[in-house]
Amino acid sequence: MRRGVVVAVVTGFFALGVGGNAAMHAAAPDPTFLPLGFLTGDAASKAYAISADGSTIVGFSGTHSDRSGAGGAASKAVYWDVSSGYTVNLLGPGIARGVSADGSIIVGSTGTYQARSESFHLWDTAAKWSNGSLTALSGLGGSGWSNAYGVSADGSVIVGGASTLVNPFPDPSDNHPTYDPDSWDLNNWQRAVKWEGSTEATLLSVSGTPPIRSYPEHLFDLPATGVSADGDIIVGYKQGPAGTIGFRRTPSSDQTLWSSLGPRSWANAISDDGQVTAAGAWESGASGADSRGAAVRYVVTSRQLLGTLPGNPAGNNEGEGLGVDTYGRVVVGSALYQYNYVFNGNPGSTNVPAAFIWDERTGQMQDLNQIVSDAGFDLTGRFLSDATDVINNPDGTIKIVGSAIVQFHAVGFPLPVGRTEAFALTMVNPANYAGDANQDGSVDDADLAIVQANLGMQGAIWSDGDFTWDGRVGLRDAFGLFGNHPGAVAAMSVPEPASLTVMILAAATLLRRRR
């Protein structure tokens with residue numbers, strides 16, 4: 001390279017104020033990990049969702065990890081206020097599962113009776129808390145039990161499941177009635193619904209027909225589970241004669257989310273733009289003889305397996321995607337993990353659910369336990385079992401919420417069992433490309449315009465064009481953008497002073513010679 005180019009590049013560094021050791025060796029933000037605790041007097045909690053602005057985390061607090069509690073005590077719907085140091089706040093009896101973009105509207109269900117398992121909770125009433133004030137959302141026909149699972153960005157569209165019956169079982173303590181569930185009327189079933197401008201549920205046309213099942217709890221897995229930011233696209237799962245199958249409903253069509261084995265899938269969450277669904281699907285095992293529930297990502301209706309966690313037994317891909325970021329580039333969830341231990345001097349192993357993150361750029365599934373441990377946090381007595389939601393932060397990081405098993409087993413017992421506690425984890429977004437200022441998955445003219453407008457800015461973050469986390473938008477950030485958007489060099493017009501123009505032209509020359 002000619003000496004003139006070297007001089008121009010070095011001059012450009014100092015013209016933008018990005019010279020010097022600190023800028024050249026700026027480090028990405030360190031991960032932060034925080035157990036969220038629970039209400040005074042409780043012993044367990046779970047987090048299910050976080051608002052898009054990062055201000056509010058929602059879930060439940062109770063005496064037991066599966067909502068049932070000692071003596072049938074009800075769980076409590078709660079939210080954690082991030083701005084006040086993650087303080088936990090009571091909403092009322094029930095559970096909170098969704099939250100609007102600004103945290104002002106929380107949805108879930110309210111009710112006092114809790115059945116034996118978290119997924120089997122009848123007789124609840126869907127609930128909307130607006131700035132703490134409760135509004136009950138009825139089931140179909142203005143009556144019946146109901147549950148809310150998701151809400152649009154502005155809080156105007158709420159989705160969930162509902163029935164026309166208030167109490168489908170005559171005996172609340174009987175989870176397995178002796179009468180034939182296949183003869184029940186369809187009205188007994190939870191069906192996919194939405195609430196929009198009314199407290200009465202509107203039936204969505206996607207609900208399927210009852211399958212043949214042995215136990216009645218399977219009859220209630222028919223909810224809408226997620227909705228896009230604008231409220232137009234809804235996902236969930238329905239029942240058909242062959243089994244459970246995920247759906248994606250747009251204003252103009254109903255789409256089916258197939259697995260490799262046909263109608264065997266369930267959708268759990270949708271990206272803000274409505275293009276990507278985090279889900280689970282029944283897939284063939286490695287031998288082709290067995291099949292398991294696998295973590296999957298649907299781009300519209302195209303299925304993508306997310307793989308397995310490192311160390312899993314060959315072919316054992318059991319898991320599911322539970323949350324997805326704004327543009328569908330990061331999926332979090334729970335997947336099977338081979339847990340090795342030594343008990344009474346004898347080595348052994350077993351499979352346990354572990355929280356994972358998968359990202360589009362690397363195409364790899366990673367164990368969040370390993371990420372948190374590698375960051376220097378002591379997880380002794382704690383095992384991250386599921387990650388339920390993830391949001392993009394403007395500084396190029398993501399925030400993940402979920403639940404950890406907090407072990408309180410007998411001394412020496414090797415397995416991660418016990419109550420659960422909600423957690424929040426912030427880490428660098430592994431899906432980001434240098435140059436992708438708006439984090440939409442592509443380095444394009446929109447990102448170019450951001451960098452161009454902010455060249456020389458001090459106190460910058462990723463969304464301003466600082467891809468090196470050094471607090472400034474400079475040459476190294478421009479290099480990152482050029483490397484992933486070659487057309488940017490020709491398109492970019494740089495404002496005065498003229499030395500900035502010289503710098504960019506010199507950088508372009510250097511990049512072309514290196515190729």
Please report the shortest heavy-atom distance between [X] and [Y], naming the atom on each side.
X: Trp195; Y: Asn147; answer: CH2-O, 3.7 Å
X: Gly236; Y: Thr225; answer: CA-OG1, 3.5 Å
X: Trp469; Y: Val428; answer: CH2-CG1, 3.6 Å
X: Ala281; Y: Tyr298; answer: CB-OH, 3.8 Å
X: Leu36; Y: Trp80; answer: O-NE1, 2.9 Å
X: Ser373; Y: Leu379; answer: OG-CD1, 3.7 Å

With heavy-atom distances below 4.5 Å as the criterion, would you say the side chains of [X] and [Y] are in contact?
X: Ser271; Y: Thr326; answer: no
X: Asp81; Y: Thr56; answer: no
X: Glu360; Y: Val330; answer: no
X: Arg297; Y: Val324; answer: no
X: Lys399; Y: Asn393; answer: yes
X: Glu196; Y: Thr202; answer: no
X: Ile233; Y: Arg249; answer: no
X: Asp273; Y: Tyr327; answer: yes

Drop me the distance from [X]'s [atom1] to [Y]'s [atom2], to the nearest 0.5 angstrom.
X: Ser130; Y: Ile105; atom1: OG; atom2: CD1; value: 4.5 Å
X: Asp232; Y: Ser152; atom1: CG; atom2: OG; value: 9.5 Å
X: Ser385; Y: Ile405; atom1: OG; atom2: CD1; value: 4.5 Å
X: Asn429; Y: Asn392; atom1: CG; atom2: CG; value: 5.5 Å
X: Ile95; Y: Ser61; atom1: CD1; atom2: OG; value: 11.0 Å

Test Gln364 against Asp359 for side-chain hydrogen bond (donor to acceptor under 3.5 Å, both in side chains), laying out the working first. CA-CA 6 Å; Gln364 299 295 316; Asp359 72 275; over 6 Å; no
Pi-cation contact, Tyr149 with Arg97 (under 6.0 Å, within 45°): no
Given side-chain contact (heavy atoms from CB on, under 4.5 Å), test Leu425 with Leu368 step by step and report yes or no. CA-CA 9 Å; Leu425 167 66; Leu368 286 181; 3.8 Å; yes
Go through the steps to decide whether Leu39 and Leu90 satisfy the test side-chain contact (heavy atoms from CB on, under 4.5 Å), and finish with yes or no. CA-CA 8 Å; Leu39 293 172; Leu90 174 67; 3.9 Å; yes
Result for side chain to side chain contact (heavy atoms under 4.5 Å, CB included) between Met427 and one of Thr397, Val372, Asp30, Ile371 points to Ile371
Just to verify, which of Tyr79, Tyr48, Tyr86 counts as forming a side chain to side chain contact (heavy atoms under 4.5 Å, CB included) with Ile57? Tyr86
Can the ring centres of Phe423 and Phe33 be said to be less than 6.0 Å apart? yes
Between Thr420 and Val406, does the side-chain contact (heavy atoms from CB on, under 4.5 Å) criterion hold? Intermediate values first, please. CA-CA 6 Å; Thr420 63; Val406 182; over 6 Å; no
Indicate yes or no for a side-chain donor-acceptor contact from [X] to the backbone of [Y] under 3.5 Å, with no hydrogens or angles considered.
X: Arg329; Y: Gln439; value: yes
X: Asp477; Y: Leu481; value: no
X: Asn369; Y: Leu384; value: yes
X: Ser45; Y: Gly37; value: yes
X: Ser442; Y: Asp444; value: no
X: Asn454; Y: Ile450; value: yes
X: Asn484; Y: Val443; value: no
X: Asp464; Y: Ile461; value: yes
X: Thr388; Y: Val401; value: yes
X: Thr110; Y: Pro93; value: yes

Using only heavy-atom distances, determine whether the side chains of Ser84 and Thr87 contain a donor-acceptor pair under 3.5 Å. yes
Within the 3.5 Å criterion, strictly below it, is a donor on Glu320 or Trp266 matched to an acceptor on the partner's side chain? yes
Between Ile398 and Thr426, is a side-chain contact (heavy atoms from CB on, under 4.5 Å) present by the stated rule, with each step listed? CA-CA 6 Å; Ile398 52 175; Thr426 302; over 6 Å; no
Does the distance from a Lys or Arg side-chain N to an Asp or Glu carboxylate O, for Lys76 and Asp42, drop under 4.0 Å? yes
Let's go through Arg382 and Glu421 carefully: what are the C-alpha distance in whole Å and the side-chain angles of both, what is the deciding distance for salt bridge (Lys or Arg N to Asp or Glu O under 4.0 Å) to 0.1 Å, and is it a yes or a no? CA-CA 9 Å; Arg382 191 179 301 273; Glu421 183 179 3; 2.9 Å; yes
